[in-house]
Amino acid sequence: MVKKKQKQKIVLPPALPPEISEDEIEVSDEDLQFVNENRDYAGFVSRLDTDTITRHVSRVADLEGDDLEAAYEKRLGRKSQQKQEEEVRLQVDPVDALPVKTLDGKLYYRTLSNTSEKSENGRDADDEKGDSGADKGIVRLTKAERRAKLKKSKKEAKKQGKELGKTEEVQETPQAAVLAKVKEDLTAEEVFENKKLKLAELGIALLADPESNIKTLKEMLQFCKDDDHAIVKLALLSLLAVFKDIIPGYRIRLPTEKELEMKVSKDVKKLRYHESTLLSAYKVYLQKLMVLEKRSKYQHVAVRCICTLLEAAPHFNFCENLLGAVVENIGSSDDVIRKLCCATIKSLFTSEGKHGGQATVEAVRLIADHVKAHDCQLHPDSVEVLLSLSFDEDLGKAEEEDKENKFRNKKSKKRKNNEEPSQLQENDRKKSRKELLTKMREEVAADYKAAAFTTDVKEQKRMQSETLSAVFETYFRILKHTMLSTTDSPEANDNLVANATGAHPLLAPCLNGLGKFSHLIDLDYIGDLMNYLKKLAGGDTNSNSSSERSSKYLTVSERLQCCIVAFKVMKSNLDALNVDLQGFFVLLYNLILEYRPGRDQGEVLAEALKIMLCEDRQHDMQKAAAFVKRLATFSLCFGSAESMAALVTLKYLLQKNVKCRNLLENDAGGGSVSGFVAKYQPYASDPNLSGALASVLWELNLLCKHYHPAVSTMASSISSMSTSHNQVYLSSISPQQAFTDLSLERELLNPKYDIRKSNSKRKKGSSKMTGGFGSSLDTSSADEDELKKKLSDHFVLLRDFKENGRLRSELERTTLALQLYDEYKKQKKKNRKA
Amino acid sequence: MRPLDETETDAVFRKLHSFTGHNLKNIVENPSHEGPEPNPGRYCFRLHKNKVYYVSESLVKRATNISRKNLASLGTCIGKFTHGGSFHLTIQALNLLAANAKHKVWLKPTSEMSFLYGNHVLKGGLGRITDSISKNDGVVVFSMSDVPLGFGSAARSTQDCRKLDPNGIVVHHQADIGEYLRMEDEL
């Protein structure tokens with residue numbers, strides 16, 4: 001038991017000798033001599049690890065209370081200082097640079113002092129603070145401050161590590177210059193990887209807890225100023241991702257000076273700080289984006305960032321700048337950029353809930369100004385985005401209601417004024433009460449509006465009407481521009497070709513838009529619009545040669561589209577007035593003649609036929625008959641697709657107008673039904689004066705023998721339409737459908753299909769085709785062999801005939817020659833005898 | 001019977017022009033297949049007892065054989081000159097005008113009768129109207145089944161008609177086919 005206790009006894013080091021100042025120590029001469037001779041022996045003293053000894057000696061175990069704490073603090077302070085000192089120097093990889101061994105036997109690795117560089121790159125105040133803190137010796141820090149200092153120092157160390165990586169290291173010896181270059185190449189990739197990792201880290205930290213890590217935004221922004229293109233792009237994109245998620249759902253309003261002076265709670269302070277940092281970082285980011293957008297290397301990335309930001313946060317601050325940039329690019333020649341911008345704006349228009357309509361108005365107004373600035377020479381996409389706008393259906397009616405209300409209010413006010421002088425006093429009291437009540441109600445309503453998120457209906461209507469007016473302004477400007485460019489310079493025939501193709505890129509989307517929004521056009525402008533459209537479609541009756549030339553500047557498709565739009569406008573404004581667009585019918589009548597299949601679009605023609613003829617509710621016999629006759633002529637001239645479209649329309653017209661079926665009778669002159677014009681004028685420009693009721697549809701007979709079975713069946717079915725009874729069966733195909741059906745079929749037409757047809761033709765021996773071929777497209781190969789045999793027989797037969805004929809003629813010739821010779825001989829004999 | 005002189009021709013053509021526009025040449029150059037000659041002749045205007053007639057040349061030739069007081073009428077009477085010298089178109093010109101009209105108006109079935117009694121055309125009775133009518137143009141009135149009912153002059157342009165209230169006058173009545181019954185003696 002005693003032994004154990006003895007064992008448990010801690011062996012204490014011997015007590016230190018009493019401290020004597022050095023001056024008092026007298027060194028004897030003998031001692032000096034001994035030391036000088038045997039320097040090596042005394043070398044161990046310098047090699048003593050004094051640190052561990054002192055640590056052991058000044059043990060914590062002896063100390064108590066405050067001394068204990070002080071000891072701990074000292075220790076930690078020394079540790080941190082040492083660490084800093086260590087990290088201050090960059091350790092060169094021992095592989096690259098060889099160490100030096102001193103006489104002491106200690107290995108010195110090459111280190112670089114970077115104190116000079118630190119002072120050069122004193123960007124952040126934090127850095128300098130940190131440096132000064134480290135250099136100033138050990139200061140008594142509280143635990144919290146120490147922790148903060150540690151954090152800062154760690155960050156700085158990392159930063160400095162990066163700084164050193166980024167900045168080119170100036171080596172002190174020429175020997176290591178070459179090494180440095182090698183190191184650069186090797187570590188450039190490492191550096192790149194490091195940067196990427198760092199970016200990712202910062203981003204994740206931000207997304208995880210935006211409130212506290214908001215400062216890291218600034219760090220990420222630093223990456224945008226890098227020299228490496230890839231890093232800059234990565235930084236931009238990662239910042240984009242971060243901002244997309246961080247941006248709040250409200251506009252940040254920076255506190256005014258008054259508010260800053262007020263005392264606020266910690267939470268509010270924190271929120272304000274967060275908001276202000278976010279806003280400033282965002283601003284810097286946007287400025288960077290705008291600058292980079294100009295440079296071609298970063299254009300795609302910058303535009304993509306701008307577009308995504310705009311889509312994600314159209315309500316936030318600076319959205320006007322973003323919008324401006326996007327609209328600028330909406331007409332750019334680069335396909336990718338243009339498509340991005342158009343897609344963004346379309347999404348803006350369709351998702352009105354995010355920004356409450358304000359951005360829509362802005363965007364449309366900017367587009368209008370853009371079109372104006374470029375004088376309507378833009379890519380059609382830029383105006384096509386306007387097609388994705390949507391307006392409330394009752395936009396026009398609401399305005400009328402407001403006017404009515406105003407009218408009523410005026411009337412009621414007048415009445416009130418008349419009634420006032422009669423009952424004064426009672427009214428005063430009642431009035432004051434009423435006024436108070438109304439005031440209260442108004443206040444409550446105002447508060448409610450401010451708090452509620454639902455958009456005010458009136459406000460919305462106002463914004464929509466603004467948008468609409470901007471849209472129509474653009475469209476009318478485009479129309480006017482087209483008009484002016486077609487009527488200018490009628491003598492410049494050289495420009496004809498150039499103008500025809502490129503002069504009006506915006507006309508097609510403009511017409512489409514007008515057709516879509518036709519029901520919202522104000523009644524005042526409809527007349528002007530119709531005039532414009534008529535002029536554009538080239539239908540001025542008093543045209544002299546110059547304007548005739550100019551009307552050719554617009555292609556047939558464009559002119560057809562003008563007619564189509566005019567009809568759409570008319571149809572959507574039927575409640576105002578049912579207008580008969582006679583001029584446009586004349587235009588269509590003439591345009592059908594000008595159509596050329598390769599150059600012009602058949603679909604547009606089919607649509608025009610459908611809208612103007614099939615959906616028309618008029619019963620004008622002359623006009624209908626004129627179109628019937630012209631369509632029949634038209635279907636003879638072109639391929640099966642156009643013919644089919646024309647025939648479908650023709651059938652429809654004949655079914656609707658019973659009197660026109662006289663055209664099917666073989667009775668030229670028409671008789672009493674012909675109306676006022678006795679003879680058919682095929683070249684008349686006005687359908688009403690063509691006298692078509694006096695003509696006969698002989699074209700149908702030719703069409704019955706058309707090579708395409710569908711066309712021939714249609715023609716024969718039309719010819720069998722009789723005038724006696726009304727046929728209830730209406731064709732369900734529209735001319736457009738018929739056109740598309742046949743134009744596709746044209747490509748897919750099988751040669752076997754034809755063989756089948758010709759086979760049955762030969763079997764039946766008649767030239768008329770009956771329907772049903774559409775279903776029987778599958779042919780068997782057995783027919784082919786049979787056909788081959790038959791064809792070969794046929795041709796052999798023909799050849800035999802020819803041969804026979806030839807031989808026979810030869811035979812005749814020779815017999816004739818022989819006969820002549822015989823006669824000649826006889827004659828000779830006679831002559832000799834005589 | 002005599003052909004029209006300068007002022008008279010001018011007056012007649014001006015009136016006709018307000019209805020037909022440039023289709024006037026169709027009226028003047030209409031080939032006529034009447035008469036025994038193989039080549040079609042032309043139509044011309046003749047004045048007889050203050051009435052203007054639209055006659056084919058072949059008919060005119062034969063009508064010169066009849067004395068002035070015995071000649072009641074020839075061809076189609078299209079109008080007459082008043083004492084003051086102004087020209088008015090009468091209802092008998094309707095066929096000619098309707099064939100070559102530029103400006104047309106179609107009436108709803110409910111308001112046909114009203115027009116045939118001599119009233120003006122109101123907007124509520126308007127079925128359809130040609131585009132590009134301007135004020136004081138000559139307008140031919142049709143029913144919805146394209147039967148010409150009469151003619152008149154436009155009170156306002158098509159554009160103004162869009163915003164008119166239903167009781168506004170669109171076309172001032174000048175002549176209608178009901179006159180054949182109402183004013184049988186005067187024609």
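Only a predicted model underlies this, so the values are computations on that prediction, with no experimental measurement involved. In the text below, chain A, chain B and the rest are named by the order of the sequence lines, each starting its count at 1.
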(request) Might you confirm whether atom OH of Tyr117(B) has over 12 heavy atoms from other residues, nucleotides or ligands at distances under 6.0 Å? (result) no
(message) Quick check on Ser132(B) against chain A: is it the side chain, the backbone, both or neither that has a heavy atom closer than 4.5 Å?
(response) side chain
(message) Are more than 12 heavy atoms, taken from residues, nucleotides or ligands other than His17(B), located less than 6.0 Å from that residue's NE2 atom?
(response) no
(request) Give, as side chain, backbone, both or neither, the part of Ile133(B) having an atom under 4.5 angstrom from any heavy atom of chain A. (result) neither
(message) For the interface with chain B, which of Gln582(A), Met570(A), Met530(A) has the highest count of heavy-atom pairs at distances below 4.5 Å?
(response) Gln582(A)
(message) Just checking Lys69(B): does its NZ atom have more than 12 heavy atoms from other residues, nucleotides or ligands closer to it than 6.0 angstrom?
(response) no
(message) Can you confirm whether Arg162(B) sits close enough to Ile526(A) that some side-chain heavy atom of one is under 4.5 Å from a side-chain heavy atom of the other?
(response) yes
(request) Please state whether the side chain, the backbone, both or neither of Asp686(A) comes within less than 4.5 Å of a heavy atom of chain B. (result) side chain
(request) Just give me the residue among Asn23(B), Asp131(B), Ile129(B) that pairs up with chain A most often, heavy atom to heavy atom, under 4.5 Å. (result) Ile129(B)
Donor-acceptor contacts under 3.5 Å from residues 47-60 of chain B side chains, at least two apart:
from     : atom 1 : to       : atom 2 : distance (Å)
His48(B) : NE2    : Leu71(B) : O      : 2.9
Tyr54(B) : OH     : Ile27(B) : O      : 2.7
Ser56(B) : OG     : Glu34(B) : OE1    : 2.6

(message) Please rank Gly21(B), Ser157(B), Ala101(B), Gly127(B) by heavy-atom pairs under 4.5 Å with chain A and give me the top one.
(response) Gly127(B)
(message) Does atom CD (Glu184(B)) have a neighbourhood of more than 12 heavy atoms from anything else shown, all under 6.0 Å?
(response) no
(request) Could you look at Asp160(B) and say if it's the side chain, the backbone, both or neither that has a heavy atom under 4.5 Å from chain A? (result) neither
(request) For atom CZ of Arg14(B), decide whether the heavy atoms of other residues, nucleotides or ligands shown that lie under 6.0 angstrom number more than 12. (result) no
(message) Taking the side chain as everything from C-beta on, heavy atoms only, tell me whether Lys104(B) gets closer than 4.5 Å to Asn688(A).
(response) yes
(message) Heavy-atom pairs under 4.5 Å with chain B: which of Leu689(A), Asp528(A), Leu581(A) has the most?
(response) Leu689(A)
